[in-house]
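These notes concern the structure reproduced below.
The structure displayed is predicted, hence computed values, not measured ones.
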Amino acid sequence: MNKEGSVLHITSNLKISSRIDDKYLQDEHSLDEHFEVNGKIFTESNFLCINCGPQVSILRNRNGSKYSFWSADQTTRDTVTKITCIIEVNIGTGVPLLAAGTDEGLLCFYYTGVSRILRAVQFGQKIVSLALLDNGDHSAVGNWVTLPEELAMMNGVLAVGLDGGAVYLVDMCHHWLKLSIQKGGPVTIEIPSQLLLINLRTDTANDIQAKKEYADCHPGETLAIFLNESNLDQFRKVMASHLGSPVYRRSLDNSVDEFHLVVTALAYFKEIACLAVGFNTGCFQLWHMSLFRLIYMSPLMQDTQLMPVAGFSWQEPTDDPHSVCFIWAAHQSPSHLAARPFAAMYMTSFTTKRHIDGYGCFYENYKGCQRKYELGLGDDMDSVIDGRIISCQSISKLIQRRLPHCSIQASNEDESIVSVCAIAWEVWTPERTNVISKLTLFDINQWYRAQMPYSLESGDSNSYVANLLLPSSNEEHPEPLLDVCISAESLSQFSAYQPLDEHYFPLSLSLACTCLYEHRKVECAWKGVQMELLTALDQAGPSALIDPSRYCSRFLAVGLKPSFYDAADSANLSVVTERQMLLTVMVEQGWMSFVRDCVRAWADGCLAVANCTLPTLLKWGWSAVTFYKQMADNICIQLFDLRTTPSMKEFIYVVSLLHKLSEIFDFILKNYRNFILEDNVELQSISLQLYIEYLDSVVWSTKHHLLPEVNEPSSSLPDIFQYPQLTLQNNVIERREKMRQLSRKLLEVNPQLCLADLLVVDSLLKTTAGGRRIISQWEAEGSAVGGLYPPPSLQSILRIFLVRGVATHFKHMLIYYFLLDVVDLQQDHPSAAKMLQNFVTKFRLTKSQVLITKAFWLIDHGKLKEAVDHFTNNTVCQNDMTETNHKTVMHSLFVQGEPKLALIYSRAFNPLLSELEDAKFHILILLECGHILQAFDFQRKYRQWQTELLDLFFTGKLNLLSKYYYFIP
């Protein structure tokens, strides 16, 4: 799976200026000395650091601009101070505090915020390595929690490695540094602080406390512990005896000099409270800080005995029931030898593992350590002879898999912890004619699944190791790669509905990283091998499907298959099947632009020879619709059944795929209708759209606890909304009968009136276009009221989306009316109001439609004044009401004894009076409200009906007088 195309893509290439003096970058200058350029990416403060010789330049990571500059060159003319190592110390100010060691044995604390050295500590030998144990901020839970009292009393602890192999634990004097920052000046520079050593063997607790108090009052003294004092001499002797000869280094004049042991790498792992100390002999030591005891020393490797340790990293497996973790030691060749770099992984075992709030996991009671894996770097490359380690980084992250363009909420099953060790390295051919830089990713969890092999040669390493090619240096002006840092936030895994083993391989991870060079900062990205292949197919365009076998084999190799694809069918695929498989994968992964490009390229039939035509694409699309529809139907049956528990994740996913296929059909019909020979494509598109609307309503109903359907309270499903169909049906029958009685009484007095259905919901179903189809459907589904409202089941109200010829907004309003009834019967349900609001939002009902539907419901429930207030709201749109709606509303108000409300409604909407019955009804409203003169004037305007209206006027006037004067002579 590790293809040559596994190359990090450059997303940003920013030129930077470090302001390093040119004289330190030349091979021959006045000082006759050359210094190499070093660099660091500070992730906590988001700054860059470049140093060469005595000079340090701090740059902003965002734009590469200069932030701070410092030169440690304060020595004589004949010598130059060299800064040998730099680390970042976070003291909570938001800008970096640097701890820097020099070849003169000076430990300097440089605060970039004011560009000053705040404190300096003198050591007797050259400082070569630094590591932070604790930053001194004891206001919150930090590393100090697991440190012994001798270190916890210090105001921050720094490990300092010297050229002779000595390791010191130094008090950072956090309080002095903060004081200096507040005052805006240094504490002491001209006279560096001297070490006030704690002797762990002889000093009592009182002695240590006394030294602590003395150091706190005297800035010229710094508390320190000589960590490996007791065994340093013995360690040197052991190294010499095992090597059989002294350890050498090449001097500046190319002569070979004997030198002492050198600490080449330091790293503190708070999870095990251990300090890892790497040496130039190739071995490393583990010092347990809680005990100040050496607990492990790695054996010398005879074949690579002179490969100094260049860096450390730490990993923790996710599912190992034992209390084990892993330490990586990365090795590179010394300056006088040529050898490829490599990394070794050691399993460290403990008795117990516990979690500390605010701190994380902590391993206790060390049991043992053993080498478990060796990773050769560059062994598979020809002609390379030498190399180096650039950086080591470990990332552990909880990743949630989210399907592209799909609203499925991530569950615990979609979460996985990725624990990756990232080692940046480079190798080169003789005379450095070709330099290759790579980033190696090692996934510890995948290594477990691969049965924990010992090396790359032990089996297929693609499942747990990935090599990514880093951007090459500028060929015209080559410059070294100084540092590589992966953004932990960018790390993610490839997402598919049914994850395969290949999707968990490290090459499937997507990431972004920063590469720091001397004069530029390069932002790179790797999308993951699956996304890279999808991108490649998209860029290749529709022509790639003429011969799909090339891409199909690569897709299958990395697990890019249709979600419900049978792996047994992957052998001997036909060209048509391969083409359809690629199209399906592109749709499932959301690459709809590729399918649209295929439509454009195939529409005119120019690729008909290769069978790449619009009819074949439509045939594939409809076969996919048929397949997904069958799946959705099967799940729907389970969703309506209280006895089953279907997979909502699968259902939502299938619905999302049908949405995408519907987009394809719509795109073809909108832009390429003239190229379609088949007559049924438009019908297919309409049917698919109706079916999707139905599925969307089922998804929504399930999410908001309307499904499965429950007719009575259920203790096992307390959050489910009940649909007491029989209760609602009896209530509606009662209201319908009441309105009939009122209308009969009114007709006895005014027989000339022509009254239709007075329940608004009945009128809506009977008079709205397509409404009678809903009635017929409900009647066929077992309605006890002749297909009228209410629906016989919850499924029936949702299935109205499948009825053709009915406006979608009417379906939404009818369902909203139904939900108002459901909520009214369960007013104490805690999610009632939220459910109604979510329906409005999901199905995009306008405020006008919501107010009108509520008003219809209020009229049918006898809340007439509130209903008219809703109707007369300023946000109600006249176009959302029909003339039949107006007539039904006014008749209902009038019949229920509210002619004044009917008149208010009439004046608000001014309904069209196109028929004689409408005009008669308006006169009756005016007369019933006592507006006799207005009624008389009104009948005069309609001369075509003057006789009928005048007769009604006098008849109505007499009826009105009889109400108030019961005696008429």
Those residues at least two apart in sequence (or on a different chain) that pass side-chain contact (heavy atoms from CB on, under 4.5 Å) with Q580 are V576, W620

Applying salt bridge (Lys or Arg N to Asp or Glu O under 4.0 Å), can you list everything that pairs with E682, at least two apart in sequence or on another chain?
R673

So, using side-chain hydrogen bond (donor to acceptor under 3.5 Å, both in side chains) as the criterion, who are the partners of S543 when residues are at least two apart?
none

Just jot down the side-chain hydrogen bond (donor to acceptor under 3.5 Å, both in side chains) partners of S783, sequence neighbours excluded, or say none.
none

Could you check whether [Y] and [X], counting side-chain N and O atoms only, form a donor-acceptor pair closer than 3.5 Å?
{"X": "S685", "Y": "D666", "value": "yes"}
{"X": "S396", "Y": "E316", "value": "no"}
{"X": "N634", "Y": "Q630", "value": "yes"}
{"X": "D696", "Y": "H659", "value": "yes"}

Assert yes or no for the condition that the ring centre distance of Y816 to F843 is strictly below 6.0 Å.
no

Suppose we call two aromatic rings close when their centres sit under 6.0 Å apart. Are Y723 and F818 close by that rule?
yes

So if I apply the side-chain contact (heavy atoms from CB on, under 4.5 Å) rule between L814 and each of L764, L819, V761, V806, which one comes out positive?
V761

Would you check if the side chain of [X] reaches a backbone N or O of [Y] as a donor-acceptor pair within less than 3.5 Å?
{"X": "S831", "Y": "K834", "answer": "no"}
{"X": "S490", "Y": "C513", "answer": "no"}
{"X": "W447", "Y": "F442", "answer": "no"}

Indicate every side-chain donor-acceptor pair of residues 605-617 with a distance under 3.5 Å to a residue at least two apart or in another chain.
unit_1, atom_1, unit_2, atom_2, d
T613, OG1, T616, N, 3.4
T613, OG1, T616, OG1, 3.2
T616, OG1, N611, O, 3.3
T616, OG1, T613, N, 3.1
T616, OG1, T613, O, 2.6

Less than 3.5 Å apart, which donor and acceptor atoms pair up between the side chains of residues 533-540 and the rest of the protein, not counting sequence neighbours?
unit_1, atom_1, unit_2, atom_2, d
T535, OG1, K527, NZ, 3.4
T535, OG1, M531, O, 2.7

Assess whether atom NZ of K842 is packed by more than 12 heavy atoms of other residues, nucleotides or ligands within 6.0 Å.
no

Nearest heavy-atom contact between R844 and Q849 is O-OE1, 4.4 Å

Where do S647 and Y497 come nearest, in terms of heavy atoms and distance?
OG-OH, 4.2 Å

Gap between atom NE2 of H503 and atom CG of L509 - 0.5 Å precision:
12.5 Å

